[in-house]
Amino acid sequence: MDWVFVGASTIAAQHMLNAVRQQPGHNVTWIVSNSPERVQVWADDHGIACATTNLSEALSDPKVKAVYISSTNEKHHAQAMAAISAGKHVLCEKPLGMTQEEAIEMVRAAEAADAVFGTNHHLRCSGSHRAIRDLIAAGRVGQVLSLRIHHAVHLPGNLQGWRINDAGAGGGVIPDIVVHDADVTRFLLQEDPASIVAQMASSGMGQGVEDSCMSVWTMPSGAMVMTHESFTHPFAGSGLEVHGTHGSIFAKGIMTQSPIGDITLVTEAGQENISYSDHDLYVQGVSEFVAATTGQGRPAADGPDGVKSLSVALCVRKAAATGQRVDVDYGGF
Ligand code: NDP
């Protein structure tokens, strides 16, 4: 199956080209960028046959069946709509759009066109997160009382562009990282956050957008979730903790793009180190997307998952901006 990559981006170069090329019979044949100079250099550097600044040209290639979108966030909607109109399957980066309306329109269009639509939430593809989900589902911690997510990182210098200074491109830690934490929460607890209180700040990096955020979410089961996201924390490390009536899970270093980190389950019986698969997160995500295009299963995170993670992030921003507790509106999903 041939793919178009839309966006000459870091994530495409570092993870997604490899993830597609690991799928037997799959190839990235087009790269689409807004810059005529960059797009040819990118194609040459990464061994891609066709380079263009014209998305329609790439989409008109009949051999192309799938499109991966990793442009800046404000471009996702129009590019996804064009790809769906051209009859392609779409794997789109998070956040799906700038607004909930954009995301819903994309997902509904894909449904109407019978196209597979995936959201590239990589964390739920990791062996670590899947092992934690399995522990919870097997009742090893009893009834979940709380989830704490620590996702305050230091944005690498090469990514300190639109993310920290361009609200119009979708900058800010909330659209960037809160969407992932929303997806992780939904994946682990198998329920959708109901209401949110939050605060956000610019703590040295954000220029006109927030670079740090803390929030507390209420879950329908009564469980409480607290999350901390930031671009400005060089040494905080990442992780999550799940606390239940019969046990606690301590997972260190797992909010990452690599299959790393340690998971410990603590119960009355003592401490147990939890092993997990160390497969590549992005290869796994693409393989599940590819399987869905052949009628097997669904993408690891599908369109409604992307709408919901964006809905939670937008609610966090609204709660932080207003100082009010806000109920999450999922737009009918
Ligand atoms: P980048 O900043 O690397 O790329 C985004 C766009 O910026 C590119 O499409 C490109 O535009 C332009 N660009 C990139 N590098 C340069 C450069 N050196 N000079 C000029 N322009 C440049 O973004 P990311 O790869 O970090 O993120 C892209 C998308 O992927 C975002 O939506 C983000 O949220 C998502 N993402 C998801 C991750 C995940 O794990 N799921 C991880 C990281 C990002 P053009 O194509 O027009 O040339």
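Because the structure is a prediction, the values reported are computed rather than measured. All ligand and atom numbering here is 1-based and tracks the order in the structure.
With ligand atoms numbered from 1 in the order given, ligand 1 contributes 9 (O), 28 (C), 29 (C), 31 (C), 32 (O) to contacts under 4.0 Å with heavy atoms of Ser71. Atoms of ligand 1 found under 4.0 Å from any heavy atom of Asp176, numbered from 1 in the order shown, are 34 (O). Within ligand 1, the atoms closer than 4.0 Å to a non-hydrogen atom of His76 are 32 (O), numbered from 1 in the order shown. Applying the 4.0 Å criterion to heavy atoms of Gly7 picks out, from ligand 1, the atoms 9 (O), 46 (O).
The nearest protein atom to atom 6 (C) of ligand 1, hydrogens excluded, is given as Thr72 CG2, 3.9 Å; this is a heavy-atom distance. Nearest protein neighbour of atom 25 (O) of ligand 1, counting heavy atoms only, is Ile11 N, 2.9 Å. At the shortest separation from atom 48 (O) of ligand 1 among protein heavy atoms lies Ser33 OG, 2.6 Å. For atom 3 (O) of ligand 1, the nearest protein heavy atom (residue, atom name, distance) is Thr10 OG1, 2.4 Å. Remark: minimum distance from atom 2 (O) of ligand 1 to any protein heavy atom is reached at Trp162 NE1, 2.8 Å. If you check which protein heavy atom lies closest to atom 31 (C) of ligand 1, you get Asn73 OD1, 3.4 Å. Looking only at protein heavy atoms, the nearest one to atom 8 (C) of ligand 1 is Ala8 O, 3.6 Å. Annotation: atom 28 (C) of ligand 1 to nearest protein heavy atom, Ser70 O, 3.2 Å.
Remark: His154 NE2 is packed, more than 12 non-hydrogen atoms of other residues, nucleotides or ligands lying under 6.0 Å away.
A cation-pi arrangement is absent between Arg298 and Phe289 under the rule of less than 6.0 angstrom and at most 45 degrees off the ring axis.
Of the N and O atoms on the side chains of Asp211 and Ser203, at least one donor lies less than 3.5 Å from an acceptor on the other residue.
At a 4.0 Å heavy-atom cut-off, ligand 1 does not touch Trp42 at all. Only the side chain of Leu159 comes within contact range of ligand 1, with a heavy atom under 4.0 Å; no backbone atom does. Contact annotation: for Val6 versus ligand 1, there are no heavy atoms closer than 4.0 Å. Neither the backbone nor the side chain of His121 has a heavy atom within less than 4.0 Å of ligand 1.
Leu91 and Val179 fall into different hydrophobic clusters, where Ile, Leu, Val, Met, Phe, Trp and Tyr are joined by side-chain heavy atoms under 4.5 Å apart, directly or via other members. When the side chains of ILVMFWY residues are joined at heavy-atom separations under 4.5 Å, either directly or via intervening members, Val225 and Met255 end up in a single hydrophobic cluster.
For atom 36 (N) of ligand 1, the nearest non-hydrogen atom from the set Glu93, His122, Gln160 comes from Glu93. For atom 44 (C) of ligand 1, the candidate residues are His180, Arg163, Lys94; the nearest heavy-atom contact is made by Arg163. Looking at Glu74, Lys75, Arg38, Gln257 and measuring to atom 14 (C) of ligand 1, the nearest heavy atom belongs to Arg38.
Ligand 1 lies nowhere less than 4.0 angstrom from a heavy atom belonging to Gln14. Using a 4.0 Å cutoff on heavy atoms, His15 does not count as a contact of ligand 1.
Aromatic rings from His151 and His228 are positioned such that their centres are separated by 6.0 Å or more. A distance below 6.0 Å separates the ring centres of His243 and Phe250.
In summary, of the residues considered (His15, Gln257, Gln22, Gln14), a side-chain hydrogen bond (donor to acceptor under 3.5 Å, both in side chains) with Tyr282 occurs for Gln257 alone.
By the 30° and 60° cut-offs, the orientation of the rings of Trp42 relative to His46 is tilted.
Here the side chain of Glu241 pairs no donor or acceptor atom with the backbone of Ser248 at under 3.5 angstrom. No side-chain donor-acceptor contact under 3.5 Å links Lys94 to the backbone of His180.
Put simply, CG on Leu188 and CG on Asp134 are 10.0 Å apart, with the number rounded to the nearest 0.5 Å.
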